[in-house]
Amino acid sequence: MRSRRGAPLRQINHPRQAMGATMAAYFDDRIELDPYEQPLCVRVGTRVIGRTDTALRLRERGYADRFYLPWQAIEAGFLQRSHKQTYCPYKGDTCYYHVVVDGACYADAGWVYPQPRREMAAIAGRIAFDHPQLVIEPA
């Protein structure tokens with residue numbers, strides 16, 4: 001595997017165990033994936049739409065940290081499939097979801113990598129959020 005500049009990419013071998021998956025830094029230290037040690041909740045205003053104590057924190061150079069929550073941590077009925085799809089060369093193809101709360105729709109606020117690259121397998125089927133109206137905070 002090679003970077004955009006043609007240099008070989010290397011996997012850093014300092015694995016961590018979390019939820020049965022080996023975690024490490026990937027892609028020339030561009031991405032780190034770790035279990036998050038605190039319970040988290042996701043809310044819109046005062047409405048909590050999800051909680052988990054098994055989130056993963058993804059740190060990617062140049063971006064804010066993202067928390068990937070198990071799909072089942074989000075209460076049923078708040079997610080609606082969007083038509084938006086994107087591709088990340090480091091994680092793979094993604095599917096987006098609108099968050100719908102009390103009739104308000106927060107477009108493309110969440111995303112999932114159904115079948116991420118092998119190196120990012122731990123985020124498969126987990127959902128991350130990024131929208132100014134959604135708050136992810138300690139539970």
Undergrad: Atom CG in L40, atom CZ in R51: separation rounded to 0.5 Å?
TA: 11.0 Å
Undergrad: Hey, could you give me the CD1/OH distance between I49 and Y106, rounded to the nearest 0.5 Å?
TA: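 It comes to 9.5 Å.
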Undergrad: Identify whether V100 and V44 are in the same connected component of the hydrophobic contact network (ILVMFWY, side-chain heavy atoms under 4.5 Å).
TA: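 As far as the 4.5 Å side-chain criterion goes, V44 and V100 are not connected within one cluster.
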Undergrad: For V112, does its backbone N or O pair with a side-chain atom of T94 as donor and acceptor, under 3.5 Å?
TA: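 Such a contact is found between T94 side chain and V112 backbone.
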Undergrad: To the nearest 0.5 Å, how far apart are CG in L69 and OG1 in T54?
TA: 7.5 Å
Undergrad: Passes side chain to side chain contact (heavy atoms under 4.5 Å, CB included), R126 versus F67? Steps please.
TA: CA-CA 9 Å; R126 289 174 170 265; F67 295 96; over 6 Å; no
Undergrad: About how many Å separate CD of Q115 and CD1 of I123, when rounded to the nearest 0.5 Å?
TA: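 Result: 12.5 Å between the selected atoms.
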Undergrad: Minimum heavy-atom separation for A124 to P114, with atom names?
TA: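 Smallest heavy-atom distance, with atoms named: CB-O, 4.0 Å.
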Undergrad: Of all heavy-atom pairs between A107 and H98, which one has the smallest distance, and what is that distance?
TA: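 Closest heavy-atom pair between A107 and H98: CA-ND1, 3.2 Å.
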Undergrad: Using the rule that Ile, Leu, Val, Met, Phe, Trp and Tyr join whenever any side-chain heavy atoms are under 4.5 Å apart, tell me whether Y63 and Y68 fall into a single cluster.
TA: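 No, separate clusters.
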Undergrad: Using the six-membered ring wherever Trp is involved, compare the ring planes of W111 and Y96 and label them parallel, tilted or perpendicular (cut-offs 30° and 60°).
TA: tilted
Undergrad: Check E75 against V48 and note the closest heavy-atom contact, atom names and distance.
TA: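 Closest approach of E75 to V48: OE2-O, 3.5 Å.
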Undergrad: Roughly how far, to the nearest 0.5 Å, is the CD1 atom of I127 from the CG atom of L79?
TA: 4.5 Å
Undergrad: Taking C-beta and beyond as the side chain, do I74 and Y97 meet within less than 4.5 Å on heavy atoms?
TA: no
Undergrad: What pairs of residues pass the side chain to side chain donor-acceptor pair (under 3.5 Å) test when at least one of them lies in residues 127-139, not counting sequence neighbours?
TA: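 Listed once each, the pairs are R43-E137, R66-D130.
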Undergrad: Which pair of non-hydrogen atoms, one from R117 and one from P89, has the smallest distance, and what is that distance?
TA: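 So the minimum-distance heavy-atom pair works out to NH1-O, 2.9 Å.
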Undergrad: Please name the pair of heavy atoms, one in Q85 and one in C95, separated by the smallest distance, quoted to 0.1 Å.
TA: NE2-SG, 4.1 Å
Undergrad: Once salt bridge (Lys or Arg N to Asp or Glu O under 4.0 Å) is applied, what residue pairs with a partner in residues 97-112 remain, sequence neighbours excluded?
TA: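 Applying salt bridge (Lys or Arg N to Asp or Glu O under 4.0 Å) to every pair that reaches into residues 97-112, excluding sequence neighbours, yields R47-D102.
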Undergrad: How long is the span from the OH atom in Y90 to the CG atom in L58, to the nearest 0.5 Å?
TA: 12.5 Å
Undergrad: According to salt bridge (Lys or Arg N to Asp or Glu O under 4.0 Å), does anything in residues 81-93 pair up with another residue at least two apart or in another chain? List the pairs.
TA: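 The answer is E60-K91.
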Undergrad: Where is the tightest heavy-atom contact between T52 and A73, given as atom of each residue plus distance?
TA: CB-CB, 3.8 Å
